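Everything on this sheet refers to the single structure shown next.
Note that the structure is predicted; figures quoted are calculated from it, not measured. Every number for a ligand or one of its atoms is a count from 1 in the order of the listing.
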Amino acid sequence: MIIVMKPKTPIEKIEKIKMKMESLGCGIHESKGENYHLLGLVGDTSKIDQSQIQADRNVEKVIFVQEPYKKANRLFHPQGTVVKIGDRQIGGNRFSIIAGPCSVESEEQIVNIAEDIKESGASFLRGGAYKPRTSPYSFQGLRDEGLKLLKIAREKTGLPIVTELMSPDKIEKFVENVDVIQIGARNMQNFDLLKEVGKIDKPVLLKRGMSATIEELLMAAEYIMSEGNEKVILCERGIRTFEKYTRNTLDLSAIPVIKKYSHLPVIVDPSHAAGLWWLVEPLAKAAVAVGADGLMVEVHNDPANAKCDGQQSITPERFRNLMEKLKQLVSIENKEI
Ligand code: PEP
Ligand code: MN
């Protein structure tokens with residue numbers, strides 16, 4: 001962090017700021033020009049409240065040299081993180097596929113879909129039990145019953161289950177029953193929830209908020225990691241733009257950018273990004289090309305009668321076909337499904 005003092009700031013005022021910064025544990029490199037006086041702070045600047053510095057009337061501006069996230073930063077962890085889930089993993093040389101319906105609807109539905117996606121090569125089963133819906137009148141999920149049905153599908157197929165947690169009061173239930181806890185786009189900045197999942201020993205799939213910057217996503221990951229849980233998987237699921245044709249706009253460049261600045265694995269959700277089933281395949285292929293560590297895809301055996309997100313769900317047959325194409329594509333990237 002560099003503090004640029006205003007021209008002609010009295011020396012005692014500069015000394016006062018320097019003393020304050022030193023008391024917070026920072027080293028200071030000073031540089032005096034004709035007009036400006038620069039204070040370069042080195043060491044741990046995490047305890048510094050930048051708004052207090054900016055409030056000082058003698059400060060012209062503050063320039064940030066380093067990103068505000070530490071634990072999620074590749075600078076301090078050059079090797080890419082691989083999150084292990086039983087005998088499976090997300091990250092490394094794997095391209096991991098999470099597939100399943102938007103929401104769990106019945107035992108027959110979730111078990112049939114789980115069997116189909118497993119046969120096609122998916123590694124994880126997704127399915128919402130507690131659903132974050134825009135309208136309070138829409139289907140809210142089968143809740144506890146949905147969790148039970150997911151467990152039945154896991155028992156029958158061996159696929160680990162990924163499902164969304166919406167509130168901290170269900171955390172124990174999720175720790176006990178779920179393999180990967182999903183934090184949805186709408187809760188990406190629910191800081192109390194992030195802190196709670198930071199205290200447990202369970203992988204967390206953190207989806208990017210629909211209006212969140214990449215830095216905000218990484219700061220949300222930092223909330224989880226700062227509490228001790230470093231098993232975080234990031235997910236790009238499209239952001240809001242002026243374009244109305246698609247449900248969201250898939251930010252493909254976010255993948256290489258996140259990979260540059262963070263060691264955490266990152267997957268792509270083409271279903272919620274596109275909002276249209278026929279766009280899932282091209283976006284899924286693009287995710288491979290930009291270096292994603294996997295996909296989360298919505299698959300439904302009867303999209304026209306799905307209780308949630310049928311318009312963006314592909315059928316098990318189309319999923320099988322997609323998987324065959326992806327297997328070839330990932331080999332070009334030296335990865336395997
Ligand atoms: C979901 O994956 O079911 C979901 C609700 O996604 P998002 O949080 O990205 O909208
Ligand atoms: Mn959905």
At a 4.0 Å threshold, what atoms of ligand 1 neighbour a non-hydrogen atom of Gly184?
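The list of qualifying atoms is 8 (O).
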
Ligand 1 atoms in contact with Arg237 (distance to a heavy atom under 4.0 Å)
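Contacts of ligand 1 toward Arg237, numbered from 1: 7 (P), 9 (O), 10 (O).
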
Among all the protein's non-hydrogen atoms, which is closest to [atom], and how far away is it?
| atom | result |
| --- | --- |
| atom 8 (O) of ligand 1 | Ala185 N, 2.8 Å |
| atom 5 (C) of ligand 1 | Glu164 OE1, 3.8 Å |
| atom 4 (C) of ligand 1 | His272 NE2, 3.5 Å |

Would you mind checking if [Y] and [X] are paired as a salt bridge, meaning a charged N to carboxylate O distance below 4.0 Å?
| X | Y | result |
| --- | --- | --- |
| Asp44 | Lys70 | no |
| Glu298 | Arg126 | yes |
| Glu236 | Arg208 | yes |

Less than 4.0 Å is my threshold; does some heavy atom of Gln182 fall inside it relative to ligand 1?
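Under 4.0 Å: yes for Gln182.
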
Assigning hydrophobic clusters by single linkage (Ile, Leu, Val, Met, Phe, Trp, Tyr; side-chain heavy-atom cutoff under 4.5 Å), is Ile224 placed with Ile85?
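Different hydrophobic clusters.
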
Short N/O/S contact of Cys102 with the Mn ion (ligand 2) (below 2.8 Å)
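Under 2.8 Å: Cys102 contacts the Mn ion (ligand 2) through an N, O or S atom.
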
Closest heavy-atom pair and its distance - Asn229, Val197
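The answer is ND2-O, 3.0 Å.
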
Check whether Phe95 forms a cation-pi arrangement with Lys335 (NZ or CZ under 6.0 Å from the six-membered ring centre, at most 45° off the ring normal).
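Here Lys335 fails the 6.0 Å and 45° test against Phe95.
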
Counting only heavy atoms from other residues, nucleotides and ligands, does the tally under 6.0 Å from CZ of Phe76 exceed 12?
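Yes.
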
Whether over 12 other heavy atoms sit under 6.0 Å from Asp201 CG:
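Not more than 12 within 6.0 Å, no.
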
Atom of Asp309 nearest the Mn ion (ligand 2) (restricted to N/O/S, atom name only)
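Result: OD2.
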
Angular separation of His272 NE2 and Glu298 OE2 about the Mn ion (ligand 2), given to 10°
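If I round to 10°, I get 90°.
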
Under-4.0 Å heavy-atom contact with ligand 1, by part of Arg126 that carries it:
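Side chain only.
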
Polar atom proximity, Lys207 to ligand 1 (N or O, under 3.5 Å)
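In this structure, Lys207 places an N or O atom under 3.5 Å from an N or O of ligand 1.
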
